There are 2 protein chains.
Amino acid sequence: MGRWEPNARERLAEAALELYSERGYEQTTVAEIAKRAGLTERTFFRHYADKREVLFAGSGDLQELFVRSVAGAPEDAAAIDALAFGLDAVGEVFADRRAFARTRHAVITANAELRERELIKLASLSAALADTLRRRGVTEPAASLAAEAAVAVFKIGFERWIEAAEERDMVQLVREALTEFKAVAAGG
Amino acid sequence: MGRWEPNARERLAEAALELYSERGYEQTTVAEIAKRAGLTERTFFRHYADKREVLFAGSGDLQELFVRSVAGAPEDAAAIDALAFGLDAVGEVFADRRAFARTRHAVITANAELRERELIKLASLSAALADTLRRRGVTEPAASLAAEAAVAVFKIGFERWIEAAEERDMVQLVREALTEFKAVAAGG
DNA sequence: CTCTTTGATGTCAGTGACTGTCATCGACCC
DNA sequence: GGGTCGATGACAGTCACTGACATCAAAGAG
C-alpha cells in the first residue's frame, strides 16, 4: 500500500456530488469536500481547476465519443445524418447511468454557476462537432449551425429521458427530438 | 449638483470595459474599476452583482425586444417565421453600435468566465423565446428547438457582422444565416 | 425655515475560492 | 544505500463578494 489511499480524484468527485446534493452547491465549501475525501483543500485544487469542474470531469469523454461517431459516419451522409450517428452513440452510453445522471442533473440545474459551466461544456462540444463536420467537407456556417442543432436535440432528448416517470430508452427519445427538430426547421 | 457625480452605474460600465480591454479581464481588479470611476469597490457591487455582469447590463433590453417582436408576428406565421421577425428587429438595433460591439465581443471571447456568462444570457434568451412561441400555440419540444435554432442563427449572423472587413448590414447577414440553417436542417 | 427622512455612498471586518511556495516522505531506480 | 520523483500537506497571500453600520446632501413635512 502506498503512502496514501488510492483514487484521490474519484473520492473527491464522489464527496463533492454527495455534499452538493445534500446541502446545495453554495452551502458546500471546498474544505468540506476535501475533508470528506480524507484530503486537504489544496489537493482538491490539484485535481480540479475549480469548485465546479469536479462535476464535469467526464464531459471530455462524452465529447470524444460524439466526435468519433460523427467522423465515422458514411462519407456520403449529409451533415444532419452524420450527427444522428453521434446522437445514437451518445444515447447508448448513458443507458446504465440514469440514477447518477439524475442526481448530477438536479444539482446542476439548481445553481446558476453550475448551469454556466454546463453551457460552456456544451459549447465546446458544439465547436468540436462543427470542426468534425468541416473535416467532412461541410462548409461554414452550415457546419456550426448543424452542430448547434445537434446539441439542442441532445439536450431535449436528455431532459426527456431524465424526467420520464418510468425508465425509457434514451436513444429513442433523442431520435424523436431529432424528428421534431427537422419538422420545425421546415416550417411545420 | 448632488453630493456625488451622476451616472455612477454608467461610469462603472465604461471604466470596466476600458480596463478589461486594455489589460484583460483577469488582470483587472474590481477596486481598479471603481477607482477609475471615482467610486469604491463596495459601490461597484451595489450596481452589479459580480465582476462579469457589468458587461451584460444591456442583455435584458435585447431579450425584451426580441420577445416583443416574435410575439407581434402575424398569428398564422409558423414558429420559424415568427422568430425571423425577432431576428430582423434585433439586427436593426445593433446598426450604429458596431465599434462598441466589437470591443465588447473581443473582451468576452478572450476570457472563459465571460464566455460562460454570455452563454447563460443566450440560454435565458432562448428560454424566453420558447415561452413566447408556446403562447403562440407552438407545442414542446418544437418551441424549445426552434428557439435554440434562432439563437444559433443570431450568433452566426452577429459574428459575421462583427468580423466583416467592411461595415455590412447585420439584418442581411442574419437573414443569410437563417437561410443556411433551413438548408442544413433539410439535409442539404 | 427647520426637522426628518431617504438614498447613494463610504468604511471596515469577514468568508471563501484559488494560487504560489516550500516541506514531507513512501516508492522506485540504480 | 543513496538519490530522485510524485503526491500530498502546510501556510501565507490575493481577490471576489457580503453584511453591518456611518455619513451627508437632497427632498419632503410641518
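Model, not experiment: these values are computed from the prediction. Lettering follows sequence order; numbering is per chain, from 1.
Computed from coordinates, the B/Asp50 CG to D/dA16 P distance equals 11 Å when rounded to whole Å. For A/Arg3 and C/dG26, the CZ to P distance is 6 Å, given to the nearest whole Å. Per the geometry, CG belonging to B/Leu19 stands 16 Å off C1' belonging to D/dA16, to the nearest Å. Atom CG in A/Leu114 sits roughly 13 Å away from atom P in C/dA17 (whole-Å rounding). Following rounding to the nearest Å, A/Glu53 (CD) and C/dC18 (C1') show an atom-to-atom distance of 14 Å. For A/Trp4 and C/dC25, the CH2 to P distance is 10 Å, given to the nearest whole Å. Atom CD of A/Glu41 and atom P of D/dC11 are 14 Å apart (whole Å). Here C/dT21 presents its C1' atom at 17 Å from CZ of A/Phe45, a figure rounded to the nearest Å.
The pair A/Lys51-A/Glu41 fails the salt-bridge criterion, with no side-chain N (NZ, NE, NH1 or NH2) lying under 4.0 Å from an Asp/Glu carboxylate O.
An OP1 or OP2 oxygen of C/dA8 is reached within less than 4.0 angstrom by no side-chain nitrogen or oxygen of B/His47. Contact annotation: B/Thr43 does not reach the phosphate of C/dT9 (side-chain N/O to OP1 or OP2, under 4.0 Å).
The stretch residues 20-40 of chain A touches DNA chain C through A/Thr28, A/Thr29, A/Val30, each having a heavy atom under 4.0 angstrom from the strand.
Counting atom types as modelled, A/Arg46 pairs no side-chain N or O with a base atom of D/dG6 as donor and acceptor under 3.5 Å. Side chain A/Arg42 to base C/dG20: a donor-acceptor pair is found below 3.5 Å.
Under the 4.5 Å side-chain criterion, counting only non-hydrogen atoms from C-beta, A/His105 is in contact with A/Phe158. In this structure, B/Ile108 and B/Phe56 have side chains that are in contact, with non-hydrogen atoms separated by less than 4.5 Å.
A donor-acceptor contact closer than 3.5 angstrom is absent between the side chains of B/Ser59 and B/Gln63.
For B/Arg36, the side chain to side chain donor-acceptor pair (under 3.5 Å) partners are B/Glu18, B/Glu22, not counting sequence neighbours. Annotation: salt bridge (charged side-chain N to carboxylate O under 4.0 Å, His left out) contacts of B/Glu167 (sequence neighbours excluded): B/Arg98.
In the set D/dA7, C/dC18, D/dA16, D/dA16 carries the atom at the smallest distance from any side-chain atom of B/Lys51.
A perpendicular orientation is assigned to the rings of A/Trp161 and A/Phe94, their planes being inclined by more than 60° (bins at 30° and 60°).
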